Amino acid sequence: MSYNIRNSARAHSFTVQTSAPPAERVVTDESVACKAAQSTVTCAYQTNIAGFWRNITVLWCKNMMNHSLSITVDSLDGEIHHTCKIDLKPWHFWSKKGYKSFEFDGYPVDVFWDLRSAKFSSGPEPSADYYVAIVSDEEVVLLLGDHKKKAYKRTKSRPALVDAVQFYKKENVFAKKCFSTRAKFEDNKKEHEIVVESSTAGPRDPEMWISIDGIVLIHVKNLQWKFRGNQTVSVDKLQVQVFWDVHDWLFSNPGTGHGLFIFKPGPPEVDSDGDNSSRGGDSDTSTGSGRYYNARATAPEFSLLLCAWKID
């Protein structure tokens with residue numbers, strides 16, 4: 001998936017490539033502009049089911065009336081997919097621990113979860129004291145949460161031979177002026193807290209601050225002229241590209257548009273006249289026929305998308 005951002009301050013356009021999974025077009029976090037505020041977190045992982053590369057997309061969704069978890073398994077080309085939905089309504093305590101089984105491309109897949117003690121902050125995704133385990137062929141191919149020992153004990157399955165890799169996260173956040181999310185820019189590294197703050201009302205010129213782990217790395221003044229742009233910052237000695245488009249904050253009716261922020265680890269790409277090689281989830285196994293004991297030709301590139309919706 002690509003996003004075209006026109007940088008008005010520099011009078012040119014650039015396209016941001018992200019590794020959105022095919023399931024984003026199947027289990028989509030629907031347009032939220034026309035309904036009550038609905039916070040969503042979409043995470044995508046490349047993993048192995050029965051020896052083949054597969055995408056697993058996890059969608060957490062919460063509004064005033066409902067709280068749900070959807071898990072979609074699909075082939076890398078998106079031709080085959082299956083979705084398992086779990087309702088986590090507060091008054092349905094029994095649904096916070098459970099088990100579901102389905103068949104994907106002829107192989108059995110089991111989903112185990114225990115969210116009875118899960119801790120949540122402001123978003124729909126739990127932060128601690130839970131697990132969600134996806135099992136195939138007696139392997140835990142994807143394990144979310146910190147209760148790992150409980151998950152292995154309950155599923156009676158072994159860890160996967162090859163770890164799942166997260167390559168995409170998208171979050172819809174509703175707030176007045178401060179928007180936050182969390183993400184890992186490198187495997188086996190700590191999770192970073194990302195906060196976007198803005199001041200777009202009042203007599204002063206609009207401003208915006210982007211901080212990571214409490215340190216302001218980007219400060220944009222005169223936001224009415226610099227509402228689209230990009231900058232590369234350093235996070236724990238890792239270069240991270242940051243792109244933003246907050247046009248709708250300033251020039252659209254409240255609730256009809258959002259600010260878009262994209263975070264991509266790695267140095268900026270160099271423009272080339274030649275054809276670029278495949279990126280993101282694409283690899284020589286994109287047809288779904290590659291056995292997992294063959295190394296991936298290209299590791300998925302991680303992308304974080306933050307959709308910041310301003311409310312009154």
Side-chain angles (χ1 to χ4, degrees), residues 1 18-29 40-61 68-86 88 98-115 124-126 130-148 151-152 154-155 157-171 183-184 187-188 280-283 285-293 296 298-305:
M1 182 179 291
T18 64
S19 304
E24 270 268 288
R25 298 184 289 273
V26 179
V27 182
T28 179
D29 42 357
T40 64
V41 176
T42 305
C43 297
Y45 306 83
Q46 192 174 108
T47 185
N48 303 285
I49 293 179
F52 296 93
W53 293 117
R54 306 296 189 189
N55 286 331
I56 295 180
T57 304
V58 179
L59 171 63
W60 301 89
C61 181
S68 65
L69 164 64
S70 296
I71 298 172
T72 297
V73 182
D74 61 6
S75 55
L76 295 189
D77 57 13
E79 293 297 322
I80 306 171
H81 65 269
H82 184 94
T83 299
C84 170
K85 186 174 181 180
I86 303 162
L88 304 173
Y99 158 84
K100 284 190 176 183
S101 183
F102 59 90
E103 194 172 275
F104 177 80
D105 197 18
Y107 298 100
V109 178
D110 302 316
V111 181
F112 298 82
W113 67 91
D114 189 347
L115 298 155
E125 183 183 26
Y130 79 102
Y131 68 79
V132 177
I134 301 174
V135 178
S136 178
D137 196 22
E138 299 183 345
E139 282 190 355
V140 180
V141 298
L142 179 63
L143 179 55
L144 308 178
D146 54 346
H147 282 184
K148 299 184 185 299
Y152 286 121
R154 183 179 174 207
T155 62
S157 301
R158 62 184 182 276
L161 296 177
V162 181
D163 290 336
V165 176
Q166 183 178 6
F167 62 89
Y168 178 83
K169 181 176 181 178
K170 178 181 178 182
E171 184 164 2
K184 287 183 179 181
D187 288 336
N188 302 318
D282 295 334
S283 71
T285 63
S286 60
T287 61
S289 61
R291 301 294 295 187
Y292 68 71
Y293 47 74
R296 276 177 273 220
T298 303
E301 293 183 345
F302 178 76
S303 301
L304 167 67
L305 278 69

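Throughout, numbering of the chain's residues begins at 1 and tracks the sequence. Just so we're clear, the structure is a prediction, and the values are computed from it rather than from any experiment.
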Closest heavy-atom pair and its distance - Ala160, Asp163:
O-OD1, 4.5 Å
State whether the number of non-hydrogen atoms from other residues, nucleotides or ligands found under 6.0 Å of Lys85 atom NZ is greater than 12.
no
Pairwise side-chain contact, Trp53 with Asn48, heavy-atom cut-off 4.5 Å (strictly under):
yes
Sorted by chain and number, sequence neighbours left out, salt bridge (charged side-chain N to carboxylate O under 4.0 Å, His left out) with Asp110 holds for none
Contact summary for Ser136 and Ala50, nearest pair of heavy atoms:
OG-N, 3.9 Å
Side chains of Arg154 and Tyr99: do they bring a donor and an acceptor to under 3.5 Å?
no
Reported OG1-to-NE2 distance for the pair Thr72 and His82, which is rounded to 0.5 angstrom:
8.5 Å
Knowing that exactly one of Thr83, Leu144, Val132 qualifies, which makes a side-chain contact (heavy atoms from CB on, under 4.5 Å) with Ile71?
Val132
Heavy-atom side-chain proximity of Asp114 to Phe112 below 4.5 angstrom:
no
Holding to side chain to side chain donor-acceptor pair (under 3.5 Å), I want the full list of residues that pass it with Tyr130, two or more places apart in sequence or in another chain.
none
Taking side chain as C-beta onward, heavy atoms only, is Glu139 less than 4.5 Å from Ser157?
no
Begin from the C-alpha positions of Thr57 and Tyr168 and carry the test side chain to side chain contact (heavy atoms under 4.5 Å, CB included) through to its verdict.
CA-CA 9 Å; Thr57 304; Tyr168 178 83; over 6 Å; no
Using 0.5 Å steps for rounding, measure from the CH2 atom of Trp60 to the CD1 atom of Ile86.
8.0 Å
Enter the distance from Asp74:CG to Asp105:CG here, rounded to the nearest 0.5 Å.
11.5 Å
Nearest-0.5 Å distance, CG of residue Leu115 to CG of residue Leu88:
5.5 Å
In short, Tyr131 meets Leu143 closest at the heavy-atom pair CB-CD1, 4.3 Å
Can you tell if the side chain of Val165 reaches within under 4.5 Å of the side chain of Phe302, non-hydrogen atoms only?
no
Side chains of Tyr107 and Asp137: does their closest heavy-atom pair fall under 4.5 Å?
no
To the nearest 0.5 Å, atom CD1 of Ile56 lies from atom CD of Gln46 at 10.5 Å
Is there a side-chain contact between Cys61 and Pro124 (heavy atoms, below 4.5 Å)?
no
Are Val73 and Phe102 close enough that some pair of their side-chain heavy atoms sits under 4.5 Å apart?
yes
